[in-house]
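A quick write-up on the structure given underneath.
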Amino acid sequence: MSELLVSGGQVLLPDHTVTEADVLVDQDTGNIVDVDDPGALEGDTQALDASDGLVIPGLVNAHTHVSMTLLRGYADDKPLDAWLQEDIWPVEAELTAEDVRVGAELGLIEMIKSGTTALADMYFFMEQVAEAVDDAGMRGLLGQGCISVGKDEEDAHEDFQSGLAFAEEYDGYADGRVRTAFMPHSLTTAGEAYYREYVPEARDAGLPIHFHANETEGEVDPIVEEHGERPLEYADDLGLLEPEDFLAHGVHVDETEIDLLAERGTGVVHNPASNMKLASGMAPVQAMVDAGVPVALGTDGAASNNDLDLFDEMRDAAMLGKLAADDASAMAAGTVLEIATRGGAEVLGFDSGRVAAGANADLAVVDLDATHLTPHHDLVSHLVYAAKGSDVRHTVCDGEVLMRDREVQVFDEESVRERAETAAGDLVARAERDSGQ
Ligand SMILES: N[C@@H](CCSC[C@H]1O[C@@H](n2cnc3c(=O)[nH]cnc32)[C@H](O)[C@@H]1O)C(=O)O
Ligand SMILES: [Zn+2]
């Protein structure tokens, strides 16, 4: 049996208390075997030094478009609709499989470096993302985003059919680290007929469903006008609110919709940075937590964030959550940490997000030996309010070390950065040439 012993540091336990302890991992099963007093456990092979560090669950980025790293800083300072239609979609029309692959590798490296071990991703050429997640050693819930607006019927059907085919083919890929979902893009960009046709097929295949919903006011109004009901009531009619399903954003949700989500057990992924940057609005995230809605945290794509650092996102969630609730006690550090770890894992259906025997060994070790983390009154507070992704020293997923002493083990970081720079430049040049600029 091959084992990994993470020793010499402190450990964040599932109840958010911190104790000096070691963590023993079985690399064959990828699970945590035990968490015990310093020196009490022995590992056969690999050791990971956590001295002056805090072992935390790997963070869960529950909504992103990882390959959008290629568009980081390409188009900023616009609202969602104009940003997608004028800037992002024209460039995405030029994406190749190779672009998506290198964009994914770049984004996954950024995640590993900032302690993220699992993601939910919706994009194009998802087999490329699946292979990159496999190479990265991470855990992913992946799906192809399916859109019908702006397409003729044949193209639209092709998009939904290939989305389903990807999900069926790749579920369980990468030794089970990749799971899949059916991902219609949003309640407004995928037409009702497509939901009516393909949701039952997704259910027959046992797939969860993930989509964007209630992100901007501009998305809510047309649904209310056309269907005479709130968007999430419409989503419920379409059969999109099962307990394994989860939606991104949920910014403009009313009390009826919050109660509906809680009743159905459908997850909501909060994306505070993207919501602020696109001025989409403030999600009532504390109200959703209080109502019992399963809430997770996501960065959205790097073009609307503009990073994939969940430490940054936790801080944003706390700040924006307080402002939204007009209450400084809202989205307290413990609540935010919970949605970024166990909450996210539960929404995605992964048995991770906690440092405990039996759970997946998905961990990060945060360096506490830093000026901006001094003194150590409350380490949960530090994780949410003061720590940065660059404070992560080691990252482990499924028992394998993905980053050791800030050196990414699973990719050649320099070469990925070079390839990404070239691919991004070429992509934008193609798009500009085709638009006759
Ligand atoms: N098969 C689809 C691809 C959709 S991928 C998912 C899409 O979501 C887009 N996206 C990124 N961030 C957001 C957001 O905040 N709201 C809605 N869509 C977004 C992203 O740019 C990408 O176009 C097609 O043929 O167009
Ligand atoms: Zn999104």
Side-chain angles (χ1 to χ4, degrees), residues 61-72 74-76 78-97 99-100 103-104 107 119-129 141-167 181-191 194 198 210-220 231 246-252 268-281 283 296-306 308 313 427 431:
N61 191 342
H63 176 77
T64 188
H65 314 275
V66 66
S67 304
M68 288 185 85
T69 47
L70 294 187
L71 297 176
R72 186 191 336 255
Y74 169 69
D76 302 304
K78 282 193 178 181
L80 175 70
D81 196 45
W83 174 77
L84 283 176
Q85 301 208 30
E86 293 165 15
D87 300 304
I88 299 301
W89 285 347
V91 182
E92 286 181 337
E94 303 284 342
L95 279 171
T96 64
D99 293 334
V100 168
L119 70 153
D121 198 77
M122 173 203 285
Y123 214 53
F124 305 79
F125 299 108
M126 288 305 294
E127 56 295 330
Q128 298 295 326
V129 179
L141 184 70
L142 311 179
Q144 178 185 311
C146 303
I147 291 185
S148 66
V149 288
K151 291 183 182 167
D152 64 33
E153 261 184 56
E154 199 183 325
D155 282 355
H157 280 290
E158 208 280 317
D159 201 14
F160 283 79
Q161 279 157 5
S162 64
L164 275 173
F166 166 79
F182 176 52
M183 299 195 182
H185 177 257
S186 82
L187 296 177
T188 49
T189 54
Y194 297 87
Y198 294 105
H210 176 50
F211 54 102
H212 294 93
N214 302 47
E215 181 175 0
T216 63
E217 259 166 14
E219 278 176 300
V220 172
F246 60 110
L247 60 91
H249 300 295
V251 175
H252 301 278
V268 171
V269 188
H270 179 43
N271 297 264
S274 172
N275 296 160
M276 288 191 279
K277 184 161 186 272
L278 301 170
S280 300
L297 188 66
T299 57
D300 216 346
S304 59
N305 189 303
N306 286 1
L308 304 177
E313 208 68 34
L427 170 65

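Everything numeric in this text was worked out from a predicted model, so none of it was measured. Numbering of ligands and ligand atoms starts at 1, following listing order.
Side-chain contact check for Thr189 versus Glu219: every heavy-atom pair is 4.5 Å or farther apart. Between His270 and Glu313 there is no side-chain heavy-atom pair separated by less than 4.5 Å. With contacts defined as side-chain heavy-atom distances shorter than 4.5 Å, the pair Glu94/Asp99 does not qualify. With contacts defined as side-chain heavy-atom distances shorter than 4.5 Å, the pair Leu71/Glu92 qualifies. Ser274 places none of its side-chain heavy atoms less than 4.5 Å from the side chain of Leu80. Thr299 has its side chain out of reach of Leu119: every pair of non-hydrogen atoms, C-beta onward, lies at least 4.5 Å apart.
The aromatic rings of His63 and His212 stand perpendicular to each other, their planes meeting at an angle above 60°, with 30° marking the opposite boundary.
Between His210 and the choices Phe246, Phe182, Tyr123, the ring pair (Phe, Tyr, Trp, His ring centres under 6.0 Å) rule is met once, by Phe246.
The distance criterion of under 3.5 Å between nitrogen or oxygen atoms is not met by Ile88 with respect to ligand 1. Ligand 1 has no N or O atom lying under 3.5 Å from any N or O atom of Gln144, backbone or side chain. The shortest N or O to N or O distance between Trp89 and ligand 1 is below 3.5 Å. Of the N or O atoms in Tyr123, none lie within a sub-3.5 Å distance of an N or O in ligand 1.
Note on His212: counted as a metal contact of the Zn ion (ligand 2), an N/O/S atom lying under 2.8 Å. At least one N, O or S atom of Asp300 sits under 2.8 Å from the Zn ion (ligand 2).
Numbered from 1 in the order shown, with element, the atoms of ligand 1 that lie under 4.0 Å from a heavy atom of Phe124 read 2 (C), 3 (C), 5 (S), 23 (O), 24 (C), 25 (O), 26 (O). For ligand 1, the atoms sitting less than 4.0 Å from at least one non-hydrogen atom of Asp159 are 1 (N), 2 (C), 24 (C), 25 (O), numbered in the order shown with element in parentheses. The contact set between ligand 1 and Met68, taken as ligand atoms under 4.0 Å from a residue heavy atom, comprises 11 (C), 20 (C), 21 (O).
Closest protein heavy atom to atom 8 (O) of ligand 1: His185 NE2, 3.1 Å. Closest protein heavy atom to atom 1 (N) of ligand 1: Gly145 O, 2.5 Å. Looking only at heavy atoms of the protein, atom 25 (O) of ligand 1 is closest to Lys151 NZ, 2.6 Å. The closest protein non-hydrogen atom to atom 23 (O) of ligand 1 is Glu92 OE1, 2.4 Å.
No hydrogens or angles considered: a donor-acceptor pair under 3.5 Å links the side chains of Asn275 and His249. Using modelled atom types, one finds a donor on one side chain and an acceptor on the other under 3.5 Å when comparing His65 with Asp300.
With a 4.0 Å cut-off on non-hydrogen atoms, Leu80 touches ligand 1 through its side chain and not its backbone.
Sorting the N, O or S atoms of His65 by how far they are from the Zn ion (ligand 2) puts NE2 first.
Scanning His65, Glu215, His63 for the heavy atom closest to atom 15 (O) of ligand 1 points to Glu215.
Using a 4.0 Å cutoff on heavy atoms, His249 counts as a contact of ligand 1.
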